[in-house]
Every structure is written in structure tokens, then in C-alpha cells.
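It should be emphasised that the depicted structure is a prediction, and the values quoted were computed from it without experimental measurement. Residue numbers start at 1 and run along the sequence shown. As the structure lists them, so they are numbered: ligands from 1, and atoms in each ligand from 1. No hydrogens, no waters, no symmetry mates; every other heavy atom, side chains included, goes into these values.
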Amino acid sequence: MRIGMLVSGGDCPGLNAAIRGAVLRGVDVFGFEMIGFMSGWRGVIENDWIPLDRRAVRGISPMGGTILGTSRVSPFTDEGGGAEGIRARMRENDLDGLILIGGNGTQTVAQMLSDEGINVVGVPKTIDNDLGGTDFTFGFDTAVSIATDAIDRLRTTGESHGRCMVLEVMGRDAGWIALHAGMAGGAQVILVPEFPESIEQICEWVESVRDRGRHSLVVVAEGFRLEGMESEVTRAGVDGFGRPRLGGVAEVLAPMIEERTGIESRATVLGHVQRGGVPTAFDRVLATRAGIAASDAVEAGDWGVMTSLQGNDIVTVPLAEAVGSLKVVPRDRYEQVRLLFG
Ligand SMILES: Nc1ncnc2c1ncn2[C@@H]1O[C@H](COP(=O)(O)OP(=O)(O)OP(=O)(O)O)[C@@H](O)[C@H]1O
Ligand SMILES: O=P(O)(O)OC[C@H]1O[C@](O)(CO)[C@@H](O)[C@@H]1O
Ligand SMILES: [Mg+2]
């Protein structure tokens with residue numbers, strides 16, 4: 001069996017552990033030959049790849065980033081050639097199948113290729129944790145830990161100056177990072193894309209914290225919209241797939257809070273710090289298990305699936321189940337914490 005592997009979408013901590021898990025299982029246990037395409041679909045389009053063997057993955061589990069690189073290049077362009085182009089490249093490299101490591105976008109592509117008869121196994125990764133069909137994606141735990149550390153640090157400086165500190169975290173259209181980091185750090189207000197709030201309500205919470213003699217820590221997800229706002233706050237430019245880049249909502253909210261409450265406020269946009277550096281032990285284990293499970297699926301001829309964490313077990317689920325809908329924060333999880341705001 002000869003297998004190609006690639007990473008697509010934003011990077012996240014744990015990718016190298018997943019690559020290592022798949023290679024150790026695939027090469028050492030099942031005797032596969034494995035290759036890794038560089039920078040996602042760019043590597044497929046340009047036939048840029050490296051051999052993946054035990055030596056290539058030595059000691060990489062604690063490393064952030066990915067030894068294969070990643071990109072948001074789509075295979076469905078004239079240059080990429082779509083399913084036909086990929087099939088031709090697989091024939092040229094004598095590949096029986098592909099292991100595709102990525103988030104909801106990447107697994108959507110995996111599903112499209114699987115529908116075209118290409119042998120694929122998906123491995124879920126993303127700090128956003130917005131992928132269906134799995135309890136958690138690796139990368140998320142590390143991002144939440146980094147955001148929680150930021151909250152802890154912002155709290156001491158905020159308390160010293162009597163300021164309202166507004167921390168913006170990533171997550172695109174899902175509020176998971178904000179919700180979990182906000183809960184872990186005891187934020188007084190947590191704002192998520194799934195549930196718009198009014199500026200009046202936010203200021204009421206911030207003032208009630210002040211009236212108790214404390215100072216607010218507001219966590220806001222980058223995709224949050226104030227009630228009545230037509231779209232998210234975006235930065236200039238687009239991402240590698242041509243989508244507007246999210247970011248900057250904290251810088252909109254902080255001055256509004258200051259103007260309405262008279263409480264000095266500061267905004268911090270955490271940005272890509274959340275995606276960098278060493279993965280937590282939890283993410284390393286989850287990623288390694290996901291990589292191992294991907295090679296198990298290949299060995300079993302279980303194509304068109306994604307590895308999935310369900311409770312304590314790693315199983316496979318049909319790709320269609322994973323990409324059917326975005327996994328967002330459910331109302332009951334939000335309502336539970338909202339009762340404690342202020
Ligand atoms: N519906 C689609 N049709 C064609 N190509 C797609 C589609 N969705 C995603 N892609 C391609 O897959 C790439 C990876 O998807 P995306 O950028 O959404 O990241 P992801 O896999 O969701 O990971 P993350 O959210 O963690 O960055 C896209 O940049 C794009 O090139
Ligand atoms: O790395 P880029 O292209 O700036 O993308 C940032 C986006 O990627 C993610 O980090 C992961 O999907 C999102 O949370 C964020 O909106
Ligand atoms: Mg995504």
C-alpha cells in the first residue's frame with residue numbers, strides 16, 4: 001500500500017503528532033510506503049512531496065506547526081484540475097489513497113473527492129473545534145490553554161488599573177474557544193458568534209461588576225456580532241481561499257464600553273499566538289491516536305471516513321456526518337454561563 005498525506009487549512013498544535021502516529025502505524029506496523037505532500041494541495045498540484053518514514057517523524061510530536069507545511073490552496077481550480085487532476089497525480093505516484101488532515105473546509109473537500117471515487121481518510125484538526133462528527137478536534141485544547149493564560153495575565157493588569165479588559169480570541173463562526181477559555185479564566189462576559197448581544201446589555205454586565213468592586217474581563221470571539229450588526233468585523237484583505245479575514249471586534253467594543261460606562265477599557269487581539277507553539281499533552285495524545293486510527297482505516301480499506309473522538313474512543317464516521325453542519329455552541333451551554341455574567 002502506498003499512501004499520500006497532506007495538511008490543509010490553518011495549522012494547529014498537534015499536527016506533527018498526528019503525522020507521526022499515522023506514519024509509525026502505517027509504515028512500521030502495516031508496511032505501507034508513505035509520502036507527505038508539502039503545503040496542502042499546492043504540493044499535489046506541483047508534485048512537491050517528501051518520503052515519510054520513521055526517521056522523518058523522529059521526535060516531532062512536541063513540535064508546533066507541521067513538518068509538511070499547510071495552505072488554503074484549493075484543488076478545485078483549473079491549476080489543481082479537481083478530482084481528475086488529483087487522480088492523475090495519485091497514479092503518477094502510485095498512490096492507493098490519501099490521508100487528509102484538516103478542519104471542516106478540508107473535510108468538505110475530502111467528502112467531494114470521496115464522492116468522485118477517490119480513496120480518502122480524513123483526520124480532524126482545528127483550533128476552532130467546529131467540526132461535526134467528533135467530540136473534539138486536536139489543537140483546540142492548546143488554543144484554549146493559551147487563551148486562558150492570556151485571561152489570567154490580562155486580569156492582573158486590568159485589576160491593577162481598574163480597567164475593563166476585552167480579549168478577542170479566534171474560532172471563526174464558532175464560539176468554542178471563547179466559551180471554554182472564558183469559563184476556565186472566570187471571565188465576567190463571554191461573547192460568541194452564535195448569540196448576538198446588545199451593547200446596552202454588555203455595558204450593564206460591566207457596570208454590575210464595577211458595582212461589586214471588581215473589574216471586568218470580557219472575552220469575545222472574533223466572529224461575534226452586536227445585535228443589529230449585519231456582518232462580522234473584518235480586517236483588510238482576504239485569506240488564502242479568498243474569504244474576508246475576521247478580526248478586530250475587540251477594538252470596536254472596548255471604546256464603546258468606555259464611552260458608555262466611563263470605565264477605562266483596553267482591547268487585546270490574541271491572534272495567531274493561539275495556533276503556535278507546543279501542543280498540550282491532551283492534544284498530543286488525541287492527535288497521535290487520530291493518526292494511528294487513520295492508518296488503521298487505510299489498512300481496513302475503510303475509505304470515505306474521518307477519524308473521530310467519541311467519549312474516550314477513537315472511531316471512524318462517514319465524512320458526510322462530519323461535514324453536514326458546523327458544530328457551534330448550543331444554546332443550553334451558552335445560557336448556562338450567561339446566567340453568571342456580570
Ligand atoms: N466548499 C469548498 N469547495 C472547494 N474547496 C474548498 C471548500 N471548502 C474548503 N475548500 C478548500 O479547503 C481549504 C481548507 O479549508 P479551510 O480554509 O476552511 O480550513 P479548514 O480545513 O476548515 O481548517 P481551519 O478552519 O482550521 O483553518 C480551503 O482553504 C479551500 O482551499
Ligand atoms: O491563518 P489565517 O488564514 O489568518 O486564518 C485565521 C483563521 O484560521 C483559524 O485560526 C482556524 O480556522 C480561525 O480561527 C481564524 O479565523
Ligand atoms: Mg475550518
Side-chain angles (χ1 to χ4, degrees), residues 6-15 18 37 39-45 64-66 69-83 85-86 98 100-116 120 122-134 136-140 142-144 146-147 168-178 180-181 192-193 220-224 232-250 269-276 283 287 306 319-320 322-328:
L6 62 81
V7 180
S8 173
D11 76 329
C12 75
L15 285 167
F37 288 102
S39 328
W41 293 108
R42 184 202 61 77
V44 178
I45 294 166
T66 153
T70 186
S71 73
R72 297 193 193 278
V73 168
S74 169
F76 297 107
T77 57
D78 288 347
E79 219 188 359
I86 292 167
L98 297 173
L100 304 176
I101 310 176
N104 58 333
T106 303
Q107 303 310 333
T108 301
V109 171
Q111 162 81 62
M112 292 157 87
L113 297 178
S114 178
D115 287 346
E116 297 279 346
V120 296
V123 174
K125 68 88 209 162
T126 175
I127 63 165
D128 300 341
N129 199 40
D130 57 356
L131 194 47
T134 185
F136 288 103
T137 52
F138 66 79
F140 173 66
T142 308
V144 168
I146 294 168
E168 178 180 316
V169 296
M170 284 184 165
R172 209 183 283 278
D173 301 318
W176 290 109
I177 301 176
H180 279 225
V192 295
V220 59
E222 61 182 359
F224 171 77
E232 306 98 333
V233 179
T234 55
R235 299 194 177 286
V238 291
D239 74 6
F241 190 34
R243 292 170 297 205
R245 293 178 56 214
L246 297 184
V249 66
V269 180
L270 199 50
H272 293 79
V273 167
Q274 285 158 100
R275 288 206 330 231
D283 275 340
M306 185 186 82
L319 279 163
V323 300
S325 59
L326 205 65
K327 188 177 74 185
V328 291

Participant: Which atoms of ligand 1 sit under 4.0 Å from any heavy atom of S74?
Facilitator: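 Listed by number with element, the hits are 5 (N), 31 (O).
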Participant: For atom 25 (O) of ligand 1, what is the closest protein heavy atom, and at what distance to 0.1 Å?
Facilitator: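 Result for atom 25 (O) of ligand 1: D128 OD2, 3.6 Å.
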Participant: Students often mix this up, so state it plainly: with edges at 30° and 60°, are the rings of H180 and W176 parallel, tilted or perpendicular?
Facilitator: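 Perpendicular, since the angle between the ring planes exceeds 60°.
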Participant: Are any non-hydrogen side-chain atoms of V249 and E232 less than 4.5 angstrom apart?
Facilitator: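 No, their side chains stay 4.5 Å or more apart.
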Participant: As a test of understanding, state which of T126, I127, L246, N104 forms a side chain to side chain contact (heavy atoms under 4.5 Å, CB included) with R172.
Facilitator: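 Answer to the side chain to side chain contact (heavy atoms under 4.5 Å, CB included) test with R172 among T126, I127, L246, N104: L246.
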Participant: Indicate, as side chain, backbone, both or neither, the part of T106 found under 4.0 angstrom from ligand 1 when only non-hydrogen atoms are considered.
Facilitator: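 For T106, the contact with ligand 1 is made by both the backbone and the side chain.
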Participant: With a 4.5 Å heavy-atom cut-off, do L100 and V109 have their side chains touching?
Facilitator: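 Result no, sub-4.5 Å side-chain heavy-atom pair not found.
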Participant: How long is the straight-line distance from CG of D130 back to OG1 of T137, given to the nearest 0.5 Å?
Facilitator: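 Going from the OG1 atom of T137 to the CG atom of D130 covers 7.0 Å.
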Participant: Would you indicate whether the side-chain heavy atoms of H272 and M170 approach each other to under 4.5 Å?
Facilitator: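 Answer yes - side chains close enough.
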Participant: Starting from atom 12 (O) of ligand 1, which protein heavy atom do you reach first, and at what distance in Å?
Facilitator: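 For atom 12 (O) of ligand 1, the nearest protein heavy atom is V109 CG2, 3.7 Å.
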Participant: Under 4.0 Å from a heavy atom of V73: which atoms of ligand 1 are those, numbered in the order shown and with their elements?
Facilitator: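 Listed by number with element, the hits are 31 (O).
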Participant: If you measure from atom 20 (P) of ligand 1 to every heavy atom of P75, G80, G103, which option wins on shortest distance?
Facilitator: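 Of the listed residues, G103 has the closest heavy atom.
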Participant: Checking a contact table here: which protein heavy atom is nearest atom 18 (O) of ligand 1, and how many Å away?
Facilitator: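 The answer is R243 NH1, 3.0 Å.
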Participant: Atom CG of D11 and atom NZ of K125: how far apart are they, to the nearest 0.5 Å?
Facilitator: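 Nearest 0.5 Å value for the CG-NZ distance: 7.5 Å.
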Participant: Which pair of heavy atoms, one from F76 and one from L113, lies closest together, and at what distance?
Facilitator: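 The pair with the smallest heavy-atom distance is CZ-CD2, 3.8 Å.
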Participant: Identify the protein heavy atom lying closest to atom 8 (N) of ligand 1, giving its residue, its atom name and the separation to 0.1 Å.
Facilitator: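 Here the nearest protein heavy atom works out to G105 O, 3.6 Å.
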Participant: For the residue pair L98 and I86, establish whether any side-chain heavy-atom pair is separated by less than 4.5 Å.
Facilitator: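 Of all side-chain heavy-atom pairs linking I86 with L98, at least one is under 4.5 Å.
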Participant: Does the residue S8 have a heavy-atom contact with ligand 1, meaning some pair of atoms that are separated by less than 4.0 Å?
Facilitator: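 Checking ligand 1 against S8, which is what was asked, there is a heavy-atom contact under 4.0 Å.
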Participant: So, taking the atom named OG in S8 and the one named CZ in F37, what distance separates them when rounded to the nearest 0.5 Å?
Facilitator: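 S8 atom OG to F37 atom CZ measures 13.5 Å (nearest 0.5 Å).
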Participant: For the atom pair CG (L6) and OG1 (T66), what is the distance rounded to the nearest 0.5 Å?
Facilitator: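 Between atom CG of L6 and atom OG1 of T66 there are 9.5 Å.
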Participant: Out of all atoms in ligand 1, which are within 4.0 Å of some heavy atom of G10? Include the element for each.
Facilitator: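 Those of ligand 1 that fall under 4.0 Å from G10 are 23 (O), 24 (P), 27 (O).
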Participant: What protein heavy atom lies closest to atom 4 (C) of ligand 1? Include the residue and the distance to one decimal.
Facilitator: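 Nearest protein contact, heavy atoms only, for atom 4 (C) of ligand 1 is F76 CD1, 3.6 Å.
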Participant: Identify the protein heavy atom lying closest to atom 23 (O) of ligand 1, giving its residue, its atom name and the separation to 0.1 Å.
Facilitator: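 Here the closest protein heavy atom is K125 NZ, 3.1 Å.
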Participant: CD/E222 to CG/D128 distance, rounded to the nearest 0.5 angstrom?
Facilitator: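 So the CD of E222 and the CG of D128 are separated by 7.0 Å.
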Participant: With a 4.0 angstrom cut-off on heavy atoms, strictly below it, pick out the residues next to ligand 2 and order them by chain and number.
Facilitator: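 For ligand 2, the residues that come within the 4.0 Å heavy-atom cutoff are R72, I127, D128, M170, G171, R172, E222, D239, H272, R275.
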Participant: Could you work out, for atom 22 (O) of ligand 1, the closest of N104, T126, D239, L100 by heavy-atom distance?
Facilitator: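 Nearest heavy atom to atom 22 (O) of ligand 1 lies in N104.
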Participant: Would you check if C12 and F138 make a side-chain contact, meaning some heavy-atom pair closer than 4.5 Å?
Facilitator: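 They are in contact (side-chain heavy atoms under 4.5 Å apart), so the answer is yes.
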Participant: Work out whether the distance between some heavy atom of Q107 and some atom of ligand 1 is less than 4.0 Å.
Facilitator: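 The answer is no, since Q107 has no heavy atom less than 4.0 Å from ligand 1.
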Participant: In ligand 1, which numbered atoms sit nearer than 4.0 Å to a non-hydrogen atom of G9?
Facilitator: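 Counting from 1, the qualifying ligand atoms are 14 (C), 19 (O), 23 (O), 27 (O).
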Participant: Quick one: nearest non-hydrogen protein atom to atom 31 (O) of ligand 1, plus distance?
Facilitator: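 Ranked first by proximity to atom 31 (O) of ligand 1 is R72 O, 2.7 Å.
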Participant: If you have a sec, work out which protein heavy atom is nearest atom 2 (C) of ligand 1 and how many Å separate them, to one decimal?
Facilitator: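 Minimum-distance protein heavy atom for atom 2 (C) of ligand 1 reads F241 CZ, 4.1 Å.
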